[in-house]
Peer 1: 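One structure, pasted below without further comment.
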Amino acid sequence: MIYLKTDEEIELMYQANQLVGKTLGELAKHIAPGVTTLQLDKIAEEFIRDHGATPAFLGYNGFPGSLCTSINDQVVHGIPSSKAILKEGDIISVDCGTHLNGFVGDSAYTFCVGEVAPEVKALLKATKESLYQGIQSAVEGKRIGDISNAVQTYCESKGYSVVRELVGHGIGKNMHEEPEVPNYGRRGYGPLLRSGMCICIEPMINMGKRNVVFENDGWTVRTKDRMCSAHFEHCIAIRPDGPRILSSFEFIETNLGSNAI
Ligand code: MG
Ligand code: MG
């Protein structure tokens, strides 16, 4: 069942997602060598609660954090920890969710820790660009496969590979609703895009091979070949006049300045 949202509901979705953007923007000020992912998690939780919302990830299927923090070869779902200390040259995907006024926001950004190798930065740039390629295809009357294919085609043209085991998703009152939004697929296939659909598009793109491993902690997903992986996510609404991005990287990129991807 795909729930189409009313204009009022999309406005509430926008507010929840803007708060995610602001939370990621706050974290952008703190991401630096020596900082632990648990510290980032505490900053995020406090920020979210101070804004009258609750962290959507905390307790979700038993997840112990308010953020997913995934460093270098970790693809997604890394658990914040006092043992995970950021160091110069790392990349970290920070995925954040909020519950506000009955709706969920969900967005992710991959940050550089200090100076990062040019080839890793190129992976981040391409992954972020593929997200926008996907969004451009999120047009009423097209299909989910058009989004999937746009992401895949762009990333593979750059020599990167697309993770298959994890996908984007519909979103609304629940974090994960139908339909699934894979980052690979065929044009013209999959569910029809209709105005009022809210979906998260979230390319997870590997520098090496596409294969992933699920770690014994029950959550963390990493690349099998231990090469870097990047992850960017926006929540969007399908509207008659085109896709509307409900989340935001503006708060992040304002705070990162020239260090933005
Ligand atoms: Mg997310
Ligand atoms: Mg998501």
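Just so you know, these numbers come straight off a predicted model, no measurement behind them. Counting starts at 1 for both ligands and their atoms, in listed order. Values below: all heavy atoms of this structure, side chains included; hydrogens, waters and symmetry mates excluded.
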Peer 1: Just give me the atom name: the N, O or S atom of Glu233 closest to the Mg ion (ligand 1).
Peer 2: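 It is OE1, the N, O or S atom of Glu233 closest to the Mg ion (ligand 1).
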Peer 1: Provide the atom name of the closest N, O or S atom of Asp106 relative to the Mg ion (ligand 1).
Peer 2: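 When I compare the N, O and S atoms of Asp106, OD1 is nearest to the Mg ion (ligand 1).
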Peer 1: Is there an N/O/S atom in Asp95 at a distance below 2.8 Å from the Mg ion (ligand 1)?
Peer 2: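 Looking at Asp95, which is the residue asked about, there is an N, O or S atom under 2.8 Å from the Mg ion (ligand 1).
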Peer 1: Is Arg164 paired with Glu180 through a side-chain N to carboxylate O contact shorter than 4.0 Å?
Peer 2: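 Salt bridge: no.
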Peer 1: Would one find an N, O or S atom of His176, in either backbone or side chain, under 2.8 Å from the Mg ion (ligand 2)?
Peer 2: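 Under 2.8 Å: His176 has no N, O or S contact with the Mg ion (ligand 2).
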Peer 1: Between Glu26 and Lys42, does a salt bridge (Lys or Arg N to Asp or Glu O under 4.0 Å) hold up when you go through it step by step?
Peer 2: CA-CA 12 Å; Glu26 179 65 23; Lys42 294 301 157 213; over 6 Å; no
Peer 1: Return yes if some donor-acceptor pair links the side-chain N/O of Asp73 with the main-chain N/O of Met227 below 3.5 Å, else return no.
Peer 2: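 Side chain of Asp73 to backbone of Met227, a donor-acceptor pair under 3.5 Å: no, none is there.
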Peer 1: Which N/O/S atom belongs to Glu202 and is the closest one to the Mg ion (ligand 2)?
Peer 2: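 Answer by atom name: OE2.
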Peer 1: Is Glu115 paired with Lys121 through a side-chain N to carboxylate O contact shorter than 4.0 Å?
Peer 2: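 Yes, this pair counts.
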Peer 1: Before accepting this row, confirm whether a basic side-chain N of the pair Glu129/Lys125 lies closer than 4.0 Å to the acidic partner's carboxylate O.
Peer 2: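 Looking at Lys125 together with Glu129, the answer is no, because their closest N to O distance does not fall below 4.0 Å.
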